[in-house]
Q: 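Below is a structure I'd like to ask you about.
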Amino acid sequence: MKYKPRETTEAVVGAVTGTLTAPRTLLLGRYDDTGLLQYTGRTATLTQTASSAVGVLLAPAQRGHPWAGWSFSAGWGSREKLDVTLVNPKLMVEVGIDVARDAAGRWRHPARFHRARPDLTPTGGRRRTDGGTRRPRRHD
């Protein structure tokens, strides 16, 4: 038998396919140690319910988006480029991923969208209801 190990993780939404209000897939990233948003992979096609839920949380990209000028491949070995819309990289989402990665550390297979996490910030803190942020407590 073949088992595909999967894990659940969070990632930042940096771009979408489809429209801002009705995204088809999410292009995901994570901030590296130097503070740059690195592309890590894309979700599978979102359900209509998930698309609607995420669409209301997205905002258009601001000037100086970290992925401005980038092009994204439509698939492994494909020369076709994706038509993407960059978004403000502030929304965190929880996804299920296959642990397989390519040489650059990107997820080899599409991530499965679980839920939006507007309570988290891209830098690892939690959003407070008063608009501030709070770092998670360490339990040593």
Side-chain angles (χ1 to χ4, degrees):
M1 299 189 91
K2 183 177 180 180
Y3 294 97
K4 285 189 171 188
R6 297 191 68 82
E7 61 185 41
T8 301
T9 190
E10 285 86 23
V12 181
V13 179
V16 299
T17 61
T19 65
L20 195 63
T21 56
R24 184 168 165 77
T25 65
L26 309 175
L27 280 73
L28 306 170
R30 288 192 166 158
Y31 285 94
D32 65 16
D33 293 337
T34 65
L36 295 175
L37 182 60
Q38 298 296 329
Y39 176 70
T40 55
R42 186 171 48 157
T43 65
T45 302
L46 300 175
T47 64
Q48 189 171 5
T49 303
S51 176
S52 297
V54 171
V56 298
L57 300 172
L58 296 173
Q62 303 295 315
R63 184 179 175 120
H65 189 286
W67 295 347
W70 287 27
S71 62
F72 298 89
S73 171
W76 286 99
S78 171
R79 292 181 186 237
E80 181 183 349
K81 300 297 179 199
L82 282 178
D83 183 23
V84 302
T85 301
L86 298 178
V87 300
N88 191 355
K90 300 286 184 194
L91 178 64
M92 298 291 295
V93 294
E94 182 178 304
V95 293
I97 58 166
D98 182 322
V99 296
R101 291 179 168 57
D102 68 11
R106 296 182 191 117
W107 302 320
R108 289 189 64 193
H109 303 105
R112 295 180 187 164
F113 175 81
H114 288 290
R115 64 185 173 138
R117 293 296 309 265
D119 59 315
L120 299 179
T121 66
T123 55
R126 290 194 172 274
R127 285 192 171 83
R128 296 188 333 210
T129 55
D130 63 3
T133 58
R134 163 176 49 133
R135 285 241 177 242
R137 259 197 274 171
R138 292 186 64 188
H139 300 282
D140 297 48

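Residue numbers run from 1 in the order of the sequence given. Quick caveat: nothing in here was measured; it's all calculated off a predicted structure.
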Q: Could you check whether any side-chain heavy atom of Pro110 comes within less than 4.5 Å of a side-chain heavy atom of Arg42, counting everything from C-beta outward?
A: no
Q: Please examine the side chains of Thr47 and Phe113, heavy atoms only from C-beta on, and report whether any two atoms are closer than 4.5 Å.
A: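 The answer is no, as the side chains (C-beta and beyond) never meet within the 4.5 Å cut-off.
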Q: Mind listing the closest non-hydrogen atom pair of Leu37 and Gly29 along with its distance?
A: CD1-C, 3.7 Å
Q: Under 4.5 Å between any side-chain heavy atoms of Met92 and Val12, yes or no?
A: yes
Q: Are any non-hydrogen side-chain atoms of Thr8 and Glu94 less than 4.5 angstrom apart?
A: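 Side-chain contact under 4.5 Å: yes.
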Q: Output the distance between atom CG (Asp98) and atom CZ (Arg112), rounded to the nearest 0.5 Å.
A: 8.5 Å
Q: Provide the closest heavy-atom pair for Pro23 versus Val54 in the form atom of the first, atom of the second, distance.
A: CG-CG1, 4.3 Å
Q: Would a 4.5 Å heavy-atom cut-off, applied to side chains only, mark Val93 and His114 as touching?
A: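 No. Closest side-chain heavy atoms not under 4.5 Å.
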Q: Do the non-hydrogen side-chain atoms of Val84 and Trp67 ever get within less than 4.5 Å of each other?
A: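 They are not in contact (no side-chain heavy atoms under 4.5 Å apart), so the answer is no.
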Q: Between Thr43 and Thr25, is there a side-chain donor-acceptor contact under 3.5 Å, judged purely by atom types and distance?
A: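 Not at all, the side chains of Thr25 and Thr43 share no donor-acceptor pair under 3.5 Å.
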Q: I need the Tyr31 OH to Thr40 OG1 distance, nearest 0.5 Å.
A: 12.0 Å
Q: Between Asn88 and Gln62, do the side chains contain a donor N or O and an acceptor N or O under 3.5 Å apart?
A: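 Gln62 vs Asn88: no donor-acceptor pair found between side chains.
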Q: Under a 3.5 Å distance rule, please check whether Ser52 uses its side chain to pair with a backbone N or O of Gln48 as donor and acceptor.
A: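 Side chain of Ser52 to backbone of Gln48, a donor-acceptor pair under 3.5 Å: yes, one is there.
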Q: If you define the side chain from C-beta out and look only at heavy atoms, does anything of Leu28 sit under 4.5 Å from Val95?
A: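 Yes, at least one pair of side-chain atoms sits under 4.5 Å.
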Q: Does Gly55 offer a backbone N or O that forms a donor-acceptor pair with the side chain of Thr21 under 3.5 Å?
A: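 A pair under 3.5 Å: no.
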Q: Would you find more than 12 non-hydrogen atoms of other residues, nucleotides or ligands less than 6.0 Å from Asp83 atom CG?
A: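 Atom CG in Asp83 is not packed in, count stays at 12 or less.
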Q: Quick check: is Val56 connected to Leu20 through a chain of hydrophobic side chains (ILVMFWY, heavy atoms under 4.5 Å apart)?
A: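 They do share one cluster, since a chain of ILVMFWY contacts under 4.5 Å joins Leu20 to Val56.
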Q: When the aromatic ring centroids of Tyr39 and Trp70 are compared, is their separation below 6.0 Å?
A: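 No, the ring centres sit 6.0 Å or more apart.
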Q: State, with a plain yes or no, whether a side-chain heavy atom of Val16 is found less than 4.5 Å away from one of Val87.
A: yes
Q: Under 3.5 Å, is there a donor-acceptor pair between the side chain of His65 and the main chain of Pro89?
A: no
Q: Measure the CG-CG distance between Leu27 and Leu86 for me, rounded to the nearest 0.5 Å.
A: 9.0 Å
